[in-house]
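Quick caveat, the model's predicted, so the values are computed rather than measured. Quick note on labels: first sequence line is chain A, next is B, and so on, each numbered from 1.
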Number of protein chains: 2
Amino acid sequence: MQRLVLKELPRYECLVEASKQFPDLEPAACEAFMHLIRASEEVMRVMNAHFAAHNITQGRFLVMMLLLEKTGDCPRPTTPAELADLASVSRATVTGLLDSLERDGFVRRVPDPTDRRQMSVSLTPKGQSFMHDILPDHFRLLTRLMGNLSDNEQKTLSRLLTKVSMQAASLSNGGGTTPA
Amino acid sequence: MQRLVLKELPRYECLVEASKQFPDLEPAACEAFMHLIRASEEVMRVMNAHFAAHNITQGRFLVMMLLLEKTGDCPRPTTPAELADLASVSRATVTGLLDSLERDGFVRRVPDPTDRRQMSVSLTPKGQSFMHDILPDHFRLLTRLMGNLSDNEQKTLSRLLTKVSMQAASLSNGGGTTPA
DNA sequence: CATTTTTAGTAAGGCGGCTAATTATTAGCC
DNA sequence: GGCTAATAATTAGCCGCCTTACTAAAAATG
């Protein structure tokens, strides 16, 4: 399920031209923004085709990924609320995803004995083996998606994107979307 | 309308650890991928809040943006099929968006006199002035979103993301999602 | 103990897709 | 002119992934 994105981004000269009509338009920033949105959509288009080939969707995949037994000290959620928090969505959304995954036998929900409001969520053996089946391909694919970039470029990209994320987060929390 | 994304990305050391369990996992590529998805979602979260404050949604905004009178020689679509092509979605999707925009008085559809299969689509004066009202804020916001980056970093980001897009496009067309 | 907070889930609604089918029209060929 | 194939926009039906408001029950708080 993709979002609308421009097939061809405007050339830089077009942006400069448009900035005469719209003085608030900053060409380099606008271009970077559009490239960010387009690249992510294109990458997700490829990933979603891969998911579809394995009869899984993005949302379900992420939930299962979060529930997957992992080595090391990475946080692993066990309740719907934790899943919702880690995935930055509402609990209602998680309920829907878990309903669907449980129906298909990938996850199991059991009431928590220590707090009866809570459910404890885990992957079933079927869910575990499903993930172990598709993850090699998944990782290979995303390595190929980044394959045009050198190791150094990948690191640079991550660094720059972290800066963008932080700025977006501060604009979200600062609430100041428009100084008017 | 946002998609699930990890709130906190795994630390690089976690990825290295996981690559022992999953040998196909390449830590730098994986990290760059996750940063790409997260940054774009965070940025779009901010943009969507801005759209919501103006009672417009992303899809409708893009359609209106495509229809907007622009200086210079930027392509401007006039039929639903052209809109669909430029936005990389199906014509059925465009029909839905146009229905909604027409209902609200932002666009007008008239049958094309030269080919009676076609409709000609344009912004109404209401649509034009709506866009002229919100675009200054819109451009200011995306400039701020990229504000953490120097001009040079913005250019670098665009360049790297172009590389990613091209790779994604070639994987899409090549059809070789998994060499297996 | 009374009140407030928290949990998972439900209901209702929305956005933005998609495919397949349909209807009317056009293009190209004989 | 008649016919076939292609095309345009739309409709119907479905999907994925959200959201908010609300509920009942349980837990926390003072």
Side-chain angles (χ1 to χ4, degrees), chain A residues 1-7 37 41 44-45 47-49 51-52 54-64 66 77-85 87-104 107-121, chain B residues 1-6 37 41 44-45 47-49 51-64 66 77-85 87-104 107-121:
Chain A
M1 201 281 295
Q2 305 303 309
R3 292 184 293 210
L4 286 74
V5 292
L6 290 183
K7 186 185 200 171
I37 301 306
E41 290 300 323
M44 284 316 301
R45 207 174 287 256
M47 295 304 311
N48 283 326
F51 289 148
H54 290 273
N55 269 296
I56 186 81
T57 60
Q58 185 188 323
R60 287 158 47 104
F61 175 80
L62 189 71
V63 166
M64 287 171 87
L66 284 170
T78 56
T79 67
E82 281 169 354
L83 280 168
D85 187 46
S88 303
V89 291
S90 71
R91 280 175 306 191
T93 297
V94 167
T95 297
L97 288 165
L98 290 177
D99 284 349
S100 147
L101 286 168
E102 190 177 30
R103 185 200 65 217
D104 293 343
V107 307
R108 158 197 312 123
R109 283 190 279 205
V110 293
D112 188 304
T114 61
D115 179 345
R116 290 192 292 165
R117 294 170 301 179
Q118 290 193 342
M119 304 295 280
S120 186
V121 186
Chain B
M1 198 283 294
Q2 305 302 308
R3 290 183 295 209
L4 286 71
V5 294
L6 290 183
I37 300 306
E41 290 299 321
M44 283 317 299
R45 208 174 285 255
M47 294 304 310
N48 282 325
F51 289 148
H54 290 273
N55 270 297
I56 186 79
T57 60
Q58 187 188 323
R60 288 158 45 105
F61 176 80
L62 189 71
V63 167
M64 287 172 87
L66 284 169
T78 58
T79 67
E82 281 167 355
L83 280 168
D85 188 46
S88 304
V89 292
S90 71
R91 278 177 303 198
T93 298
V94 167
T95 296
L97 288 165
L98 289 178
D99 284 350
S100 147
L101 287 168
E102 191 178 30
R103 186 198 66 214
D104 293 344
V107 307
R108 159 197 311 122
R109 280 188 284 203
V110 294
D112 189 301
T114 61
D115 181 343
R116 288 190 295 167
R117 295 171 299 180
Q118 289 192 340
M119 303 296 279
S120 184
V121 186

Counting only Watson-Crick or G-U wobble pairs whose two distances fall under 3.5 Å, which nucleotide matches dC17(D)? dG14(C)

Side chain of A92(A) only, heavy atoms from C-beta on: which candidate in dT10(D), dT19(D), dC18(C) is closest? dT19(D)

Rounded interatomic separation in angstrom, taking CG from L97(A) and P from dT19(D): 10 Å

Could you give the CZ-to-C1' distance, from R109(A) to dT7(C), as a whole number of Å? 13 Å

Whole angstrom is fine here: how far is it from CZ in R45(B) over to P in dC17(D)? 15 Å

Separation of dA26(D) P from M119(A) CE (nearest whole Å): 13 Å

Checking V89(B), L97(B), T93(B), V94(B) against V63(B) for side chain to side chain contact (heavy atoms under 4.5 Å, CB included), the one that qualifies is L97(B)

Using whole Å, what does the distance between atom P of nucleotide dT7(D) and atom CD of E82(B) come to? 15 Å

Considering only side-chain heavy atoms of Q118(B), which listed nucleotide, dA9(D), dT19(C), dG9(C), is closest? dA9(D)

Which residue lies more 5' along DNA chain D, comparing P113(A) with T57(A) via nearest heavy atoms: T57(A)

Name the closest nucleotide to the D115(A) side chain, picking from dT10(C), dC17(D), dA26(D). dA26(D)

Quick one: is dT19(D) close enough that its OP1 or OP2 comes under 4.0 Å of any side-chain N or O from T93(A)? yes

5'-most by nearest nucleotide on DNA chain C - R91(B) or T95(A): T95(A)

Quickly work out the L98(B) CG to dT11(D) P distance and round it to whole Å. 12 Å

Rounded to whole Å, please give me the gap between CG in D85(B) and P in dA9(D). 12 Å

Give S90(B) one of three labels, base, sugar-phosphate or nothing, depending on what nucleic acid heavy atoms sit under 4.0 Å from its own. base

With a non-hydrogen cut-off below 4.0 angstrom, is S100(B) in contact with a base, only sugar-phosphate, or nothing? nothing

Name the closest nucleotide to the V89(A) side chain, picking from dC17(D), dT19(D), dA8(C). dT19(D)

Which residue is it: L98(B), T78(B), L101(B), L66(B)? I am looking for the one with a side chain to side chain contact (heavy atoms under 4.5 Å, CB included) to V121(B). L98(B)

Side-chain N or O of R117(A) closer than 4.0 Å to phosphate OP1/OP2 of dT6(C): no

Could you work out which one of dA8(C), dA9(D), dT25(C) sits closest to the side chain of R116(B)? dT25(C)

Nearest whole angstrom, please: distance from the P of dG14(C) to the CD1 of I56(B). 16 Å

